[in-house]
Amino acid sequence: MYYCNNCENEFVKPTKVLETHGLSTPPFEVFYLCPFCNSNNFKEVEIKYCRCCGARIKNGTAGFCSTECKITAQKLRLAEYKKTKQLTESPLIILIREVESYNKSHQTNYSYGQYVALIKPRLKGEK
């Protein structure tokens, strides 16, 4: 994003002007101008957005547009952490990982049901 110091407008891309100086072959001179006022007095600016709601952040604030957004983001992160922890510690997910590991190490293709009915009882008997 660019900001023109002359007309105080913001724009995505400056206008490219190719000055030939009456020549028919290169080298030509290239200028970049503000598309609103044709000034070359502009600068590139970095625009930051709120990590929670996506609103544009004013200069000087970091990450979030308000304390409400910061609190909301913390709550969302905590909920995501709890959900991920619950999924990774689920007995069903643990058993599915066990089936995948067994299939990979023994080069088989047992389903969850086949593994529980046929293989798991044998493995318990060996231990």
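Bear in mind the structure is a predicted one, so any value in this text is a computation, not a measurement. We use all heavy atoms of the structure for the numbers below, so side chains are in, but hydrogens, waters and symmetry mates are not.
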Checklist entry - Going through the checks in order, is the side chain to side chain contact (heavy atoms under 4.5 Å, CB included) test met by F28 and V30? => result CA-CA 6 Å; F28 300 132; V30 178; 5.6 Å; no
[X] side, atom [atom1]; [Y] side, atom [atom2] - distance, nearest 0.5 Å:
X: R56; Y: C50; atom1: CZ; atom2: SG; result: 14.0 Å
X: N103; Y: I119; atom1: CG; atom2: CD1; result: 9.0 Å
X: E8; Y: C34; atom1: CD; atom2: SG; result: 11.0 Å
X: T84; Y: R77; atom1: OG1; atom2: CZ; result: 13.0 Å

Under 4.5 Å between any side-chain heavy atoms of [X] and [Y], yes or no?
X: L95; Y: K120; result: yes
X: Y115; Y: E98; result: yes
X: N5; Y: K43; result: yes
X: N40; Y: F31; result: no

Determine, using the 4.5 Å side-chain heavy-atom cutoff (strictly less than), whether [X] and [Y] are members of one ILVMFWY cluster.
X: Y49; Y: V45; value: yes
X: I96; Y: L87; value: no
X: I71; Y: F64; value: no
X: Y32; Y: Y2; value: yes
X: L123; Y: V99; value: yes

[X] to [Y] - nearest heavy-atom pair and separation:
X: S39; Y: C4; result: CB-SG, 4.3 Å
X: P121; Y: V116; result: CD-O, 3.2 Å
X: Y110; Y: Q114; result: CA-OE1, 3.4 Å
X: C53; Y: C69; result: SG-SG, 3.7 Å
X: I94; Y: T88; result: CG1-O, 4.0 Å

Checklist entry - Sequence neighbours excluded, which residues qualify as side chain to side chain contact (heavy atoms under 4.5 Å, CB included) partners of L76? => result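 L76 satisfies side chain to side chain contact (heavy atoms under 4.5 Å, CB included) with T72 once adjacent residues are dropped.
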Item to check | From CA spacing to verdict: side chain to side chain contact (heavy atoms under 4.5 Å, CB included), Y3, E44 | outcome: CA-CA 6 Å; Y3 175 78; E44 188 171 1; over 6 Å; no
Checklist entry - When the ring centroid of F11 is compared with that of F42, is the distance short of 6.0 Å? => result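 Between F42 and F11, which both carry aromatic rings, the centre distance is below 6.0 Å.
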Checklist entry - Hey, is the main chain of R97 close enough, under 3.5 Å, to the side chain of S101 for a donor-acceptor pair? => result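 Pair absent, no side-chain N/O of S101 close to backbone of R97.
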Item to check | side chain to side chain contact (heavy atoms under 4.5 Å, CB included) assessment of Y112 paired with L92 | outcome: CA-CA 10 Å; Y112 166 80; L92 183 60; 3.7 Å; yes
Checklist entry - Does CD in E19 sit with more than 12 non-hydrogen atoms of other residues, nucleotides or ligands closer than 6.0 Å? => result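 Yes, enclosed.
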